[in-house]
Amino acid sequence: MEKEKPIYFTKKGLQKLKQEYENLVSSARKTVAQKIQEIREDGEIDENTEFSAALEEQGKIERRITELKEILTKAKVIEPPREKSAVTVGATVVVEVEGERDEFTIVGSVEADPAKGLISNESPVGRALLGTGVNETVVVSSAIKTTYKVLAIK
Amino acid sequence: MKELIDFFLEVGKLKEIPKKGWILIGVKDPESIVEHSFQVALMAWLLAERKKVRFDQERLLKIALAHDLCEVYAGDETPYDKILPKNKKDWPELFDKWPRAILSQKRKSYQERRRNEKKSLEKLLSRLSAPLKREILELWLDYEEGKTKEARFVKQVNRIQTLMQALDYGRRHKIRVYKSWWIGSKEKIDDPQLLEAMKVLEEKFTPRALRKAKQEQW
């Protein structure tokens, strides 16, 4: 069962999302509604591809507004950690794993992008690293066990 | 119509392009990009059905179908491409580890790959009508940026499908299952459905489970 949990955001990331929400609600929604109205007033809406496209666009906008609203109700800004004694959401962690160095920033699930080094706080590795201090190790178990040693917290 | 047919024929080339990772690890007759995309689409659709949150299924499927279109010209990439040792005997040791890098290197690689793939996709879409071009590009950008929940889910399903395929090759063709499949997945997956799927894969593909399955065959 999926429980309600906060979704962590960087300040910049949350601002971007709020901006998108505002643009959709105050501008995009009205623009497409106006377009639909104009086409209706022109008549001939049956088999009118422009009308279908506008309806589709409206649906897309409304779905995105709903999605953003849901995310924003659960959004929590990552506060910069006062101390860097343990890994928290928002921290950049330098680790040693399998004899090599790696670097991740722990973020919320919406902003996570492992290819860019942004690991979700809800991924097995993200969860394991939270609360770990420098020179401490954590083991992430699956079919194999992988040990991560925290070398630095930025 | 002519432009659409030309587009379909170009996309059809993906049937002949194998997923590169399988070639590197020695799979004979590996799955093509089309086969991979089909399975990702199917998995995304059915796994999303199990979630409490309602997904836009049409968007989900379109993203799954569009996510690797760029590979018609960009080809398939693996994270090992730029670090492969000349001696193939050293490859297994490399493949057992998940590639590591500092943040700035990761971002640089990401931007380079993204640039190449976008260029490739734009070339593929160039003959299509403006609305279609816009739509497919928007779906692909969503997949890359993870803007919507559908895109983020397909991206993670993509990873689970690849893990599952690696395990299946291990079972059917006795191809070594490298540790990196698991390690990378534990860093990339956070969706509860897909974490559950990963757990089932762990149980199903332990050496003990595989032995039992083989015995039951007889």
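Scope of the values below: all heavy atoms of this structure, side chains included, with no hydrogens, waters or symmetry mates. Computed from a predicted model, the values in this text were never measured in an experiment.
Nearest approach of A:Arg64 to B:Lys147, heavy atoms of both residues: NH1-O, 3.1 Å. Scanning both residues, B:Leu195 and A:Glu122, for their nearest heavy atoms gives CD1-O, 4.1 Å.
Heavy atoms closer than 4.5 Å to chain B are found in both the backbone and the side chain of A:Glu98. Interface residue A:Thr92: only side-chain heavy atoms are found under 4.5 Å from chain B. Only the side chain of B:Arg59 comes within contact range of chain A, with heavy atoms under 4.5 Å apart. Of the two parts of A:Ser141, only the backbone, made up of N, CA, C and O, holds a non-hydrogen atom closer than 4.5 Å to a non-hydrogen atom of chain B. Residue A:Ser109 touches chain B through both its backbone and its side chain, counting heavy-atom pairs closer than 4.5 Å. When heavy atoms are compared at a cutoff of 4.5 Å, A:Glu20 approaches chain B solely by way of its side chain, counted from C-beta outward. Contact of A:Ile71 with chain B is made through the side chain alone, with heavy-atom distances under 4.5 Å. In this structure, no portion of B:Gln156 lies under 4.5 Å from any heavy atom of chain A.
Within a 6.0 Å radius of NZ in A:Lys74, other residues, nucleotides and ligands contribute more than 12 heavy atoms.
Residues that satisfy the ring pair (Phe, Tyr, Trp, His ring centres under 6.0 Å) test with A:Phe9, not counting sequence neighbours, are absent from this structure.
To the nearest 0.5 angstrom, B:Glu145 atom CD is 7.0 Å from A:Lys116 atom NZ.
Interface residues of residues 180-188 of chain B toward chain A, defined by a heavy-atom distance below 4.5 Å and sorted by number: B:Trp182, B:Ile183, B:Lys186, B:Glu187, B:Lys188. Using a 4.5 Å heavy-atom cut-off against chain A, the contacting residues of residues 100-111 of chain B are B:Arg100, B:Ala101, B:Ile102, B:Leu103, B:Lys106, B:Arg107, B:Tyr110. Annotation: residues 82-97 of chain B contacts chain A through B:Asp96, B:Lys97 [non-hydrogen atoms, separation under 4.5 Å].
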Going through the distances and angles, do A:Lys60 and B:Glu135 end up as a salt bridge (charged side-chain N to carboxylate O under 4.0 Å, His left out)? CA-CA 12 Å; A:Lys60 201 169 131 191; B:Glu135 186 187 0; over 6 Å; no
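For the options A:Asn121, A:Thr146, A:Val110, heavy-atom pairs under 4.5 Å to chain B are most numerous at A:Val110. Your options are A:Glu70, A:Arg63, A:Arg101, and the one with the most heavy-atom pairs under 4.5 Å with chain B is A:Arg63. For chain B, the option among A:Ala128, A:Gly126, A:Gly59, A:Ser120 with the highest count of heavy-atom pairs below 4.5 Å is A:Ser120.
Partner of B:Asp190 under the side chain to side chain contact (heavy atoms under 4.5 Å, CB included) criterion, chosen from A:Pro114, A:Pro124, A:Ser123: A:Ser123.
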